[in-house]
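Please read the structure below before turning to the comments.
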Amino acid sequence: MRRVASDHSQHAIMHRSEERMMFEQELDSASQRLRQSLHQLDVPIPDQIEWMPTPFEGQWGFGTNACFLTAAAEARAGKKVSVPSRAQEIAETVLNDLGPITGFTRTEAEKGYLNLYIEPTQYANRVIDTVLDQGESFGSGDPKKQQVMVEYSQPNTHKAFHVGHLRNVILGGAMSNILEFAGYNTVRANYIGDIGWHVIQWLWCYLKFHSGEEPKGDRTRWMQDIYTEAVQLIDDHPEYEAEAREVFARWENDDPEIKRIWEKTRNWSLEGFNEIYENLGEQFDVFFYESEVEKPGKVLVEELIEQGLAIDERSIGGPVVVKLDELLGLEAETYRVLVILRSDGTSLYATKDLPLAIKKFKEWQIDKSIYVIDVRQSLYLKQIFKFLEIMGFKQGADCYHLSYEIVNLPGDVTISSREGTIVMFDDLMQEAFKRALWIVEDKNPSLSVAQKKNVAEMVALGALKYPMLAVDNNKVATFDWERALDFEGQAAPYIQYAHVRANSILNKAASIPHHVPSEFELEVQEISLLDQISRLPDEVKRSAENYKPLTIANYAFDLARTFSEFYQHCPVLKAEKDVRAFRLRLTAATKQTLANSLRLLGIESPEVM
RNA sequence: GCCCCUGUAGCUCAAUGGACAGAGCACCGGACUUCUAAUCCGACGGUUACAGGUUCGAAUCCUGUCAGGGGCACCA
């Protein structure tokens with residue numbers, strides 16, 4: 001899994017010159033001159049010279065640690081020096097030697113770092129022009145000629161759609177948006193669990209106790225209620241399990257009655273899911289179904305047995321297994337054993353995941369296959385990917401498990417549709433909407449009813465999505481009503497509010513000036529804002545390379561905060577003519593950058609709220 | 001027994017191996033006749049679980065310990 005990630009970043013480094021980083025050219029030529037200067041000093045030259053934004057508030061610049069690397073190399077070569085002071089010495093010498101550097105108005109040797117500062121007035125217009133010219137595409141990467149498939153959501157029919165599922169959809173959706181924006185051709189895939197033991201239990205219960213009934217009200221909830229009932233009954237009455245197993249056998253034998261009811265009830269779930277996706281603003285390019293890969297899977301299992309890769313233990317009452325560690329000649333337990341078919345010949349996840357993985361690559365010509373699946377399936381996916389390779393399907397190495405931790409309820413209660421400890425998506429959405437509507441009525445009563453509802457929907461949805469993206473994937477999230485409905489502080493509404501304020505200023509101005517000579521001194525808040533805006537392209541790149549939407553979630557909030565500070569300290573409309581014009585343009589650029597960032601997270605940017 | 005993840009401010013969480021570890025919440029004190037106060041400003045708050053190691057430099061990498069969570073043959 002790691003290898004996939006690092007291959008990916010190597011690729012990106014190779015094509016770095018194609019990227020549209022804001023100060024790429026200036027930094028590249030600065031690096032070259034730095035190399036020459038170090039060469040003249042006859043000191044070791046680092047392989048790579050990296051530039052990072054300087055950490056000082058209100059100053060816009062980049063620093064490099066190159067002199068540390070050089071001094072450390074000298075020390076390793078036997079020279080008796082204190083590395084930090086030697087680094088500072090080298091930095092100072094180099095600085096003298098270099099003189100002025102194109103594109104930077106101030107250079108500095110500080111604590112061993114070599115810092116190059118950007119004169120804000122010189123580049124302010126460049127940043128703003130870039131944003132305003134590129135508009136919605138500001139921050140995007142150049143096309144990579146690589147096709148990536150992201151499989152996410154994967155709901156089970158005949159079951160609930162709850163907040164645990166939400167984390168998956170939100171994460172997968174945002175990851176897809178970011179990859180696409182970063183320049184990859186992105187295929188959004190859903191994989192519906194429309195068959196399996198859970199479906200059979202449901203069908204058994206339906207046939208026995210609810211025959212002929214139709215869903216009432218919220219379909220997904222109705223489906224879940226029957227599922228919970230089925231599990232309960234089978235747990236309490238062991239004899240029912242045999243009955244349900246019979247239903248399974250009938251399904252396996254293509255019993256027309258069972259198939260008919262299965263199809264009908266399955267569709268109820270699918271319709272319910274589609275409503276949810278519509279609400280969430282999610283769209284998929286392709287739907288795979290477990291039911292469609294089940295038979296190919298069984299055929300594949302037979303082939304694997306013939307090839308001697310899988311061991312058929314059915315004759316002694318066992319399942320069909322793959323002994324991965326044995327196949328790989330590994331002593332230590334690593335991949336363990338993968339069961340690919342039940343002893344009664346019915347299918348398992350693995351039966352279906354193997355053919356599906358191959359189908360994805362063959363039918364969609366993808367280069368990477370990403371699986372957004374919770375962390376508990378890490379070993380399982382590791383097994384699948386490795387076994388694909390063993391089977392001779394090399395692209396197993398191009399599969400990547402984007403794992404995330406589960407969502408718990410307060411008190412460490414695990415969400416379980418089996419046990420009915422769930423918060424339904426629909427309840428959550430309605431509650432959030434109600435709350436958002438109440439607040440918008442309080443804050444902005446002059447809006448029309450339609451506007452208020454529209455705003456409330458955007459705000460509620462953003463508020464639900466953002467917390468799922470603003471924590472690291474591998475941290476357990478606790479779902480808490482109070483926090484989910486808190487629209488203040490570090491939350492989507494804060495970011496949306498910044499967008500609204502920017503919009504409000506722009507609306508009050510007659511127009512956005514095309515170009516202004518920014519030859520006055522800029523405020524600290526203006527410099528920070530320009531700096532922040534200019535970082536988006538790099539953040540997008542990093543987010544895509546590391547498969548981390550969190551990067552963008554953090555960025556969006558930081559940008560909003562920087563803008564709020566600017567808003568507070570720098571009047572726009574009442575400022576003197578040139579300053580006013582400049583700030584209007586800066587505000588327009590911020591609005592665009594905020595909107596682009598939020599869009600990547602799957603969050604809408606209201607014009608008013 | 002083996003493997004994976006987590007441990008950072010009272011709470012929830014950030015932080016490309018870099019400069020002084022930052023936000024939000026909570027608490028305390030300020031700012032609305034001024035571009036929307038869903039905001040801003042200030043104060044408070046830290047032995048980054050612990051012990052070693054690598055490195056010029058470690059919250060970050062390595063080893064070990066402790067604590068919590070998850071996974072490991074027919075669940076998904």
Side-chain angles (χ1 to χ4, degrees), chain A residues 50 52 54-56 63-65 67-76 81-87 110-113 115 154 156 193 196-198 313-314 318-321 323 332-334 336-344 346 348-350 373-380 382-383 403 405-406 408 412 418 436 439-440 442-444 459 467 470-478 480 483 486-491 493-494 496-498 500-502 504-509 538 542 545-546 550-551 553-554 557-558 561 564-565 567-575 583 587 608-609:
Chain A
E50 285 177 17
M52 296 180 48
T54 53
F56 313 115
T64 183
N65 60 356
C67 300
F68 280 106
L69 301 175
T70 296
E74 282 186 336
R76 272 195 297 277
V81 288
S82 140
V83 172
S85 55
R86 176 62 179 152
E110 172 87 15
K111 291 178 184 161
Y113 289 87
N115 294 332
Q154 311 112 328
N156 285 330
W197 181 226
H198 75 277
E313 296 179 343
R314 278 177 292 182
V320 179
V321 300
K323 298 190 172 171
E333 286 181 89
T334 308
R336 298 183 152 96
V337 174
L338 178 64
V339 179
I340 59 173
L341 196 70
R342 282 201 187 88
S343 53
D344 64 3
T346 56
L348 292 156
Y349 242 34
I373 297 179
D374 84 65
V375 69
R376 291 172 298 188
Q377 295 188 40
S378 292
L379 174 61
Y380 168 72
K382 203 169 122 183
Q383 292 176 322
S403 72
E405 265 290 359
I406 54 166
N408 276 345
D412 276 338
R418 276 182 65 87
I439 294 176
V440 76
D442 178 51
K443 303 280 183 189
N444 208 339
V459 168
V471 288
D472 199 80
N473 303 343
N474 43 22
K475 284 201 173 143
V476 176
T478 301
D480 184 311
R483 271 184 40 222
D486 186 0
F487 295 170
E488 289 177 9
Q490 183 167 8
Y494 177 97
Q496 291 172 317
Y497 184 60
V500 164
R501 289 174 130 191
S504 177
I505 293 174
L506 297 172
N507 278 344
K508 289 195 168 140
D538 197 46
R542 263 182 54 214
E545 279 171 9
N546 302 326
L550 168 64
T551 304
N554 283 340
F557 178 72
D558 284 342
R561 199 156 42 95
S564 294
E565 286 165 22
Y567 182 93
Q568 190 71 20
H569 295 102
C570 306
V572 177
L573 297 173
K574 286 177 184 140
R583 287 181 180 169
T587 300
V608 290
M609 66 189 270

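Computed from a predicted model, the values in this text were never measured in an experiment. All chains are named by letter (A, B, ...) in the order of the sequence lines, taking the proteins before the strands, and each is independently numbered beginning at 1.
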Verify side chain to side chain contact (heavy atoms under 4.5 Å, CB included) between A:Ser504 and A:Lys508, making sure each step is shown before the conclusion. CA-CA 6 Å; A:Ser504 177; A:Lys508 289 195 168 140; 4.2 Å; yes
Just to be sure I understand the rule, does [X] reach a base, reach only the sugar-phosphate, or reach nothing, if contact means heavy atoms closer than 4.0 Å?
| X | answer |
| --- | --- |
| A:Lys443 | base |
| A:Val81 | nothing |
| A:Asn115 | base |
| A:Val320 | nothing |
| A:Cys67 | nothing |

Quick one: [atom1] on [X] to [atom2] on [Y], what's the gap to the nearest 0.5 Å?
| X | Y | atom1 | atom2 | value |
| --- | --- | --- | --- | --- |
| A:Gln383 | A:Thr334 | CD | OG1 | 11.0 Å |
| A:Lys382 | A:Arg336 | NZ | CZ | 8.5 Å |
| A:Asn473 | A:Glu405 | CG | CD | 10.0 Å |

List the atom of A:Ala509, the atom of A:Leu573, and the distance in Å for their closest heavy-atom pair. CB-CD2, 4.0 Å
Out of B:U39, B:U6, B:A23, which has the shortest distance to the side chain of A:Gln490? B:A23
Among B:C40, B:U36, B:U16, the nucleotide that comes nearest once only the side chain of A:Arg542 is considered: B:U16
Whole angstroms only, please: what is the [atom1]-[atom2] distance between [X] and [N]?
| X | N | atom1 | atom2 | value |
| --- | --- | --- | --- | --- |
| A:Asn408 | B:G68 | CG | C1' | 12 Å |
| A:Lys111 | B:A19 | NZ | C1' | 6 Å |
| A:Phe487 | B:A38 | CZ | P | 14 Å |
| A:Ile406 | B:G70 | CD1 | P | 7 Å |
| A:Asn546 | B:U16 | CG | C1' | 8 Å |
| A:Asn474 | B:U8 | CG | C1' | 15 Å |
| A:Lys382 | B:C2 | NZ | P | 15 Å |
| A:Glu565 | B:U39 | CD | P | 13 Å |

Side-chain touch A:Ser403/A:Gln377, heavy atoms, less than 4.5 angstrom: no
Determine whether A:Val459 and A:Val440 make a side-chain contact, defined as any pair of heavy atoms from C-beta on separated by less than 4.5 Å.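 No, every pair of side-chain atoms sits at 4.5 Å or beyond.
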Walk along nucleotides 71-76 of chain B from 5' to 3' and tag each nucleotide B, S or - by protein heavy-atom contact under 4.0 Å, base first, then sugar-phosphate. BBBBSB
With rounding to the closest Å, how many angstrom separate the [atom1] atoms on [N] and [M]?
| N | M | atom1 | result |
| --- | --- | --- | --- |
| B:U8 | B:A15 | P | 14 Å |
| B:A43 | B:U55 | C1' | 38 Å |
| B:G17 | B:C62 | P | 12 Å |
| B:A58 | B:U48 | P | 12 Å |
| B:G45 | B:G22 | P | 15 Å |
| B:A31 | B:A19 | P | 37 Å |
| B:C11 | B:C75 | P | 41 Å |
| B:C32 | B:A14 | C1' | 31 Å |

Among all residues two or more places apart in sequence or in another chain, which pass the salt bridge (Lys or Arg N to Asp or Glu O under 4.0 Å) test with A:Arg314?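 Partners of A:Arg314 under the salt bridge (Lys or Arg N to Asp or Glu O under 4.0 Å) test: A:Glu302, A:Asp312.
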For RNA chain B, the dot-bracket notation using Watson-Crick and G-U wobble pairs below 3.5 Å, [ ] for pseudoknot-type crossings and | for other-strand pairs, is (((((((..((((....[...))))..((((.......))))......(((((..]....))))))))))))....
Taking only residues two or more places apart in sequence or in another chain, which ones pass ring-ring contact (aromatic ring centres under 6.0 Å, His included) with A:Tyr494? A:Phe557
Would the base of B:A38 count as contacting A:Asn444 through its side chain, where contact means a donor and an acceptor less than 3.5 Å apart? no
Ionic contact status for A:Arg483 with A:Asp486, cut-off 4.0 Å: no
Nearest-nucleotide 5' precedence on RNA chain B, A:Phe56 against A:Lys475: A:Lys475
Given RNA chain B, 5'-ward residue of the pair A:Met52 and A:Tyr567, judged by closest heavy atom: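 Its nearest nucleotide being more 5', the pick is A:Met52.
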Applying side chain to side chain donor-acceptor pair (under 3.5 Å), name anything that partners [X], two or more places apart in sequence or on another chain.
| X | answer |
| --- | --- |
| A:Asp472 | A:Lys548 |
| A:Asp538 | none |
| A:Asn444 | A:Ser446 |
| A:Arg342 | A:Thr346 |

At a cut-off of 3.5 Å, list every protein nitrogen or oxygen paired with a nitrogen or oxygen from nucleotides 53-57 of chain B, distance to 0.1 Å.
unit_1, atom_1, unit_2, atom_2, d
B:C56, OP1, A:Arg76, NH1, 3.2

Test side-chain contact (heavy atoms from CB on, under 4.5 Å) applied to A:Ala502 - qualifying residues, sequence neighbours left out: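 Only A:Phe563, A:Thr587, A:Lys591 meet the side-chain contact (heavy atoms from CB on, under 4.5 Å) criterion with A:Ala502.
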Could you work out, with side-chain contact (heavy atoms from CB on, under 4.5 Å) as the rule, every residue matching A:Glu110, not counting sequence neighbours?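 Expected list: A:Glu108, A:Asn115.
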Measuring to OP1 and OP2 of B:C40, would you say a side-chain N or O of A:Tyr494 lies under 4.0 angstrom away?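 Yes, such a contact exists.
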Which protein N or O atoms sit under 3.5 Å from an N or O of nucleotides 10-12 of chain B?
unit_1, atom_1, unit_2, atom_2, d
B:U12, O2', A:Arg483, NH2, 3.1

